[in-house]
Every structure is written in structure tokens, then in C-alpha cells.
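The structure under discussion appears below in the form of C-alpha cells.
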Amino acid sequence: MLKQFDDIRPRAVVRCRSAEDVAEAVGFARSHGIRCVVRSGGHSFAGYSTGAGMVIDVSGLHRIEVAGDVVRAGAGAQLVDLYDATLRHSLAVPTGWCPTVALGGLALGGGIGLETRKHGFTVDHLLSATLVLADGRTVTCDEHRHPDLYWAVRGGGGGNFGIAVEFAFRPVPVGDLLDYRLTWPWEDATAVVDAWQRWAPDAPDDLASVINIGVEDAGGGSAPDLTVAGVWHGEPAAGERLLRELTDRVGREPASWSATVRDYRATIMDWFDCDGFTPAEAHLVGHNPAARIERYAFSVSRGGFFDSVVPAAGLKELLAAVTDRPFAGQRRDLNFIALGGAGNRVAPDATAFVHRGSRFYAGYSADMDPVVPEHGPQAARAWIDGAFGTLSRWWSGRSYQNFMDSRLADWRRAYYGENLARLQRVKQRYDAERFFDFPQAI
Ligand SMILES: Cc1cc2nc3c(=O)[nH]c(=O)nc-3n(C[C@H](O)[C@H](O)[C@H](O)COP(=O)(O)OP(=O)(O)OC[C@H]3O[C@@H](n4cnc5c(N)ncnc54)[C@H](O)[C@@H]3O)c2cc1C
């Protein structure tokens with residue numbers, strides 16, 4: 001997905017079509033002493049699905065089958081295809097809002113999206129996973145078979161225990177949604193974020209809500225745009241009342257307000273930024289002849305979970321960081337994702353996904369596309385490190401293992417918290433020789 005990792009030249013890329021292909025690739029790499037990494041959708045923010053050795057690419061394992069109340073999907077299945085297949089049955093597997101992210105990475109590390117507050121994280125719907133292990137065995141783990149591995153793959157993150165080839169999920173029934181979008185001028189930002197952080201995480205589970213603060217060109221001179229957006233899974237009038245509660249708490253009328261009842265498919269395609277695309281078009285260019293989504297030239301992001309309300313002084317600092325160190329040609333965003341709800345009612349040690357007490361996630365990102373200006377990457381990293389320094393005065397110290405951050409100091413604690421020791425024992429049991437390894441491997 002990110003072109004900034006294109007300079008890394010693997011010795012070989014093995015494109016697999018079956019679990020047997022994967023086992024053969026693992027056996028070959030082992031017997032020749034070649035390091036290997038796995039790739040499904042290629043969306044690792046840190047570039048951990050590529051490397052100088054062998055890339056075992058399982059994007060070809062993308063079969064999806066909906067049978068009654070079980071959805072089986074290959075690790076290479078991308079979110080747009082998963083929604084396309086399940087929505088034909090008025091079902092969805094709670095995942096995320098990027099069409100081309102694949103299950104191989106997302107489902108092992110958590111999975112945050114429009115359904116998280118109502119139904120939980122992707123890992124909470126994982127019934128079983130089939131993996132090719134470092135010794136070449138193919139095993140299926142679930143509640144009864146390899147229960148320690150089953151626990152670990154629900155949040156332990158990609159690239160750690162084996163190569164996932166197939167997952168089984170318990171889907172949820174879905175219907176129409178109230179899709180809403182409210183904007184405020186930048187001068188109201190502190191009031192909006194303050195009201196939102198006290199409102200969204202404690203709202204009924206039917207609410208999904210994010211804030212996007214974005215500035216198209218961070219060269220200075222233009223104020224960031226501020227949008228509160230999301231969906232309401234319940235009865236529309238109740239959703240509208242809840243939005244009114246937010247605007248009352250902000251104490252300032254939004255500059256614009258839209259709240260429309262839409263069917264799930266149209267809504268998710270819009271959230272994918274693929275409004276009007278067919279599922280075939282909602283793929284990265286090169287994935288198929290119809291694909292229309294371009295890869296990012298350069299992107300960097302850093303963020304973390306917040307377990308408590310940030311005081312107004314802290315919010316002002318977080319917001320001021322967006323326009324700090326102006327640099328022309330850089331798009332910047334600060335995103336907040338509301339948590340709470342069903343995802344937080346699972347115990348932190350019930351699965352390896354430990355982040356069950358957070359009110360929201362917040363993260364900065366800088367993108368340059370299609371042109372990366374001279375010194376752009378250095379400037380983006382300097383800016384984001386400064387912004388992250390501000391953020392880390394207020395966060396919980398926890399970070400999302402699906403948003404891997406190669407510059408994070410204490411990443412083990414940040415991704416896994418009190419589940420780390422148990423994850424290390426599972427790693428020892430299934431991959432004692434660390435055949436599966438990368439800079440932030442367990
Ligand atoms: C543009 C963008 C949007 C995103 N949106 C969301 C979102 O809405 N919600 C959300 O929760 N996350 C989101 N993410 C984060 C995403 O969940 C992670 O980056 C995830 O790891 C990507 O999985 P992948 O298979 O596409 O990526 P890859 O780069 O292929 O893999 C990511 C990691 O998992 C490992 N891995 C891949 N496949 C397998 C496998 N089959 N078995 C074992 N390990 C494997 C890789 O080695 C690598 O370490 C987004 C990321 C990007 C870049």
C-alpha cells in the first residue's frame with residue numbers, strides 16, 4: 001500500500017494459492033536458511049510484510065464462503081470483498097473502513113471499524129483460524145483445539161505464530177444505518193473535541209463515531225477542517241436525538257449537518273471512500289483490471305489509546321500540534337475513534353487483545369501524494385514525533401498493534417500490556433526458534 005517501502009527488494013516473492021503452497025514455501029525457506037515474512041493485504045504501516053528475504057504472499061487465498069451463521073474467509077480476502085459477500089445475506093463481519101486491508105493482518109491484531117462499539121472488535125468474532133506453523137504443520141485452532149494459540153491469534157498481531165491461511169467468523173445481522181456528518185469551524189475545535197470525548201465513548205452501543213481534523217496542505221495559512229462523522233445502527237430518530245445532545249454539549253451550532261438513512265452497502269462503500277465504485281473497482285491498481293485505488297506515495301502515522309478524559313488544556317495542545325512546523329505539500333490529519341460499548345465488555349485477558357478499557361483512540365498522520373517534496377519524509381517524521389510527544393503526555397501508554405509504529409520505544413507493553421508474558425509463552429511453544437521474526441515480533 002505504501003510506496004515508501006518499494007526500495008526493499010526481497011530475494012523472492014512466493015505467491016501462494018493454497019495452504020499446501022504455504023507449507024512448501026515455509027519448508028523451502030527453512031531448509032535454505034532464508035528469512036521470510038508474510039504478506040496478505042500489504043497494509044503494514046511499518047512495512048513489516050516485506051523484507052530482504054522471502055515474502056510469502058497469501059493474497060491469492062481470498063475465497064469467502066457464507067454458510068448459515070459462519071463466514072469462512074481466506075487470509076488474503078480484502079474487506080471490500082468480505083462486505084460484498086456477507087451483505088448479500090444481510091450479514092457483516094465487524095472489521096474496518098479500508099477496502100483493501102486484508103484479513104491476514106487485520107484479524108490477528110484486533111480490527112476496529114463501524115461495528116466495534118455495537119458488536120466488538122474483529123477478534124471477538126473469530127471462531128477459528130487455520131495456520132501453517134514454522135515446522136510446516138497446518139493446524140486449526142479454536143476453543144477446543146490449540147486453545148492457547150486460539151487465544152494468542154486474537155490480538156497477538158500478524159507475523160508472530162504462523163501463517164494464517166483461513167479464518168472462520170461469527171457474523172452479525174445488519175440493516176440500514178443513519179450515516180451522519182457534522183462540521184464545525186476550527187475555532188470551535190476544543191469545545192467540539194471536549195464534548196465528543198465525554199459523549200461518544202459513553203453513548204449507547206448503536207453509535208459509531210470518529211472525529212477527523214484535517215489540513216490539506218500543511219504549508220500554513222489554511223485552518224484545518226473538523227468533521228464529526230459516524231453511523232447509528234439503531235432507530236434513526238433516537239440517533240438524531242443523540243446527535244442533538246452532542247451539539248447541545250458543544251454549545252455551538254455546527255456549520256453543516258447531514259444525517260441520512262442509507263443501506264449498509266452504500267454506507268460502507270462511502271466510508272471506504274469508494275462511493276459509486278463496484279467492489280471490483282475498490283481495489284488497488286494492479287490487483288485486477290478494474291481496480292481504481294492508487295497506492296500512497298508516503299504516509300506516516302503515530303497514535304495511541306486514551307483511557308480517560310483529556311482536560312481542556314491538554315486538548316488545546318493536541319490540536320495546536322496539527323499546525324505545528326508548517327511544511328508545504330504535506331496533508332495532515334488528527335483522527336479520534338470512539339471506543340467503549342461491546343468491545344470494552346470483554347475482559348482484557350479473555351483474548352490477546354488487551355485494549356478493553358479505552359475511551360478512544362487518537363492518532364496523527366502525515367501523507368504526501370502523489371508528489372513527495374524534497375526533505376518531505378524527514379519533515380513529516382520530525383513533525384509527527386513532536387505531535388506524538390504531545391499526545392503521549394495524555395494517552396494511556398497503549399498503542400494499537402495493527403497500527404505498528406516502528407519508532408515506539410516500549411512497543412511490547414504498548415501493544416500487549418499484561419498479556420505480554422502469556423503471548424511470549426505461546427510464541428515459545430509454537431515458534432521457539434523464531435522462524436517468524438521482524439523488528440517488533442513477540
Ligand atoms: C490505509 C489503511 C487503512 C487502515 N484501516 C484500518 C481500519 O479501518 N481498521 C483497522 O483495525 N485497521 C486498519 N488498518 C490497519 C490494518 O489493520 C493493519 O495494517 C493490518 O495489519 C493490515 O493487514 P494486511 O494483511 O492488509 O497487511 P500486511 O502488510 O500484509 O500484514 C500486516 C502484518 O501482518 C502480517 N501478516 C499478514 N498476513 C498474515 C497472515 N496470513 N498470517 C500471519 N501474519 C500475517 C504481516 O507479516 C505484517 O506483519 C489500516 C491500515 C492502512 C494502511
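Side-chain atoms are counted along with the backbone in the values below, which use heavy atoms only and exclude waters and symmetry mates. Indexing begins at 1, ligand by ligand and atom by atom, following the structure's order.
Between Arg412 and Asp410 there is no salt bridge, since none of the side-chain N atoms of the basic residue sits less than 4.0 Å from a carboxylate O of the acidic one. Salt-bridge formation is detected for the pair Asp57/Arg15: a Lys NZ or Arg NE/NH1/NH2 atom is positioned less than 4.0 Å from an Asp or Glu carboxylate oxygen. Remark: Arg332 does not engage Glu216 in a salt bridge, criterion side-chain N to carboxylate O under 4.0 Å. The pair Arg331-Asp369 fails the salt-bridge criterion, with no side-chain N (NZ, NE, NH1 or NH2) lying under 4.0 Å from an Asp/Glu carboxylate O. With salt bridges taken as basic N to acidic carboxylate O contacts below 4.0 Å, none links Asp385 and Arg381. Ion pair Asp202/Arg359 flagged as a salt bridge, since at least one NZ, NE, NH1 or NH2 atom sits closer than 4.0 Å to an Asp/Glu carboxylate oxygen. Between Asp142 and Arg145 there is a salt bridge, since at least one side-chain N of the basic residue sits less than 4.0 Å from a carboxylate O of the acidic one.
Ranking protein heavy atoms by distance to atom 29 (O) of ligand 1, first place goes to Ser49 OG, 2.6 Å. The protein atom (non-hydrogen) at minimum distance from atom 18 (C) of ligand 1 is Asn402 O, 3.2 Å. In this structure, atom 6 (C) of ligand 1 lies nearest to the protein heavy atom Phe403 CE2, 4.3 Å. Atom 34 (O) of ligand 1 has as its closest protein heavy atom Gly158 CA, 3.4 Å. Here the protein heavy atom with the shortest distance to atom 3 (C) of ligand 1 is Cys98 CB, 3.4 Å. Counting only heavy atoms of the protein, atom 47 (O) of ligand 1 lies nearest to Val38 O, 2.6 Å. The protein non-hydrogen atom at the shortest distance from atom 8 (O) of ligand 1 is Trp97 N, 2.8 Å. Nearest to atom 27 (O) of ligand 1 among the protein's heavy atoms is His43 N, 2.9 Å.
Ligand-side atoms of ligand 1 in range of Arg39: 30 (O), range being under 4.0 angstrom from any heavy atom. Those atoms of ligand 1 that come under 4.0 Å of a heavy atom in Leu108, given as number and element, are 42 (N), 43 (C), 44 (N). Ligand 1 places these atoms under 4.0 Å from at least one heavy atom of Ile163: 42 (N). In summary, the atoms of ligand 1 found under 4.0 Å from a heavy atom of Gly159, numbered by their order in the structure, are 35 (C), 43 (C), 44 (N), 45 (C). Taking a cut-off of under 4.0 Å to the non-hydrogen atoms of Tyr48, the atoms of ligand 1 that pass are 47 (O), 49 (O). Taking every heavy atom of Ala75 and a limit of under 4.0 angstrom, the matching atoms of ligand 1 come to 41 (N). Atoms of ligand 1 found under 4.0 Å from any heavy atom of Gly162 (numbered from 1 in listed order, with element): 42 (N), 43 (C). Using a 4.0 Å cut-off to heavy atoms of Gly96, the atoms of ligand 1 that qualify are 7 (C), 8 (O), 9 (N).
The list of ring-ring contact (aromatic ring centres under 6.0 Å, His included) pairs with a residue in residues 130-150, not counting sequence neighbours, reads His146-Tyr430.
Within 6.0 Å of the CD atom in Glu418, the count of heavy atoms belonging to other residues, nucleotides or ligands exceeds 12.
With respect to Phe121, the side chain to side chain contact (heavy atoms under 4.5 Å, CB included) criterion is satisfied by exactly one of Leu339, Leu126, Thr95: Leu339. The side chain to side chain contact (heavy atoms under 4.5 Å, CB included) with Tyr415 is formed by just one residue from the set Leu420, Asp405, Asn402, Ile442; it is Asp405.
Residue Val37 places every heavy atom at 4.0 Å or more from ligand 1. At least one heavy atom of Gly42 sits under 4.0 Å from some atom of ligand 1. Assignment of Gly110 to the shell around ligand 1 is not supported, since no heavy atom sits closer than 4.0 Å. Within the structure, ligand 1 has Tyr400 among the residues with a heavy atom less than 4.0 angstrom away. The shell of residues lying under 4.0 angstrom from ligand 1, judged by heavy atoms, excludes Ala46.
Judged by a 6.0 Å distance limit and a 45° cone about the ring axis, Arg302 is positioned over the six-membered ring of Phe388.
When non-hydrogen atoms are compared, ligand 1 lies under 4.0 Å from the backbone of Val101 as well as from its side chain. Using a 4.0 Å cut-off between heavy atoms, Thr122 makes no contact with ligand 1 at all. Residue contacts with ligand 1 for Ala164 involve both N, CA, C or O and side-chain atoms from C-beta outward (heavy atoms, distance under 4.0 Å).
At a 3.5 angstrom cut-off on N or O pairs, Phe438 does not count as close to ligand 1. Looking at Phe45 next to ligand 1, no N or O pair under 3.5 Å apart turns up. The shortest N or O to N or O distance between Ile112 and ligand 1 is below 3.5 Å. Inclusion of Thr95 in the set of residues having an N or O under 3.5 Å from an N or O of ligand 1 is not warranted. Between Tyr296 and ligand 1, a contact under 3.5 Å exists for no N or O pair. In terms of N/O distances under 3.5 Å, ligand 1 is not approached by Val58.
You'll find the ring centres of Phe45 and His43 outside the 6.0 Å limit. No close placement of the Trp395 and Phe360 rings is indicated, their centers lying 6.0 Å or farther apart. The aromatic ring centres of Phe403 and Tyr361 sit less than 6.0 Å apart.
Ranked by closest heavy atom to atom 30 (O) of ligand 1, the top entry among Cys36, Cys16, Ser40, Ala102 is Ser40.
When all heavy atoms of Ala290 and Asn288 are compared, the closest pair comes out as N-OD1, 2.8 Å.
At distances below 3.5 Å, not a single donor-acceptor pair connects side-chain atoms of Trp97 with backbone N or O atoms of Met269.
Residues Asp179 and Trp271 have side chains in contact (heavy-atom distance under 4.5 Å, counting atoms from C-beta outward).
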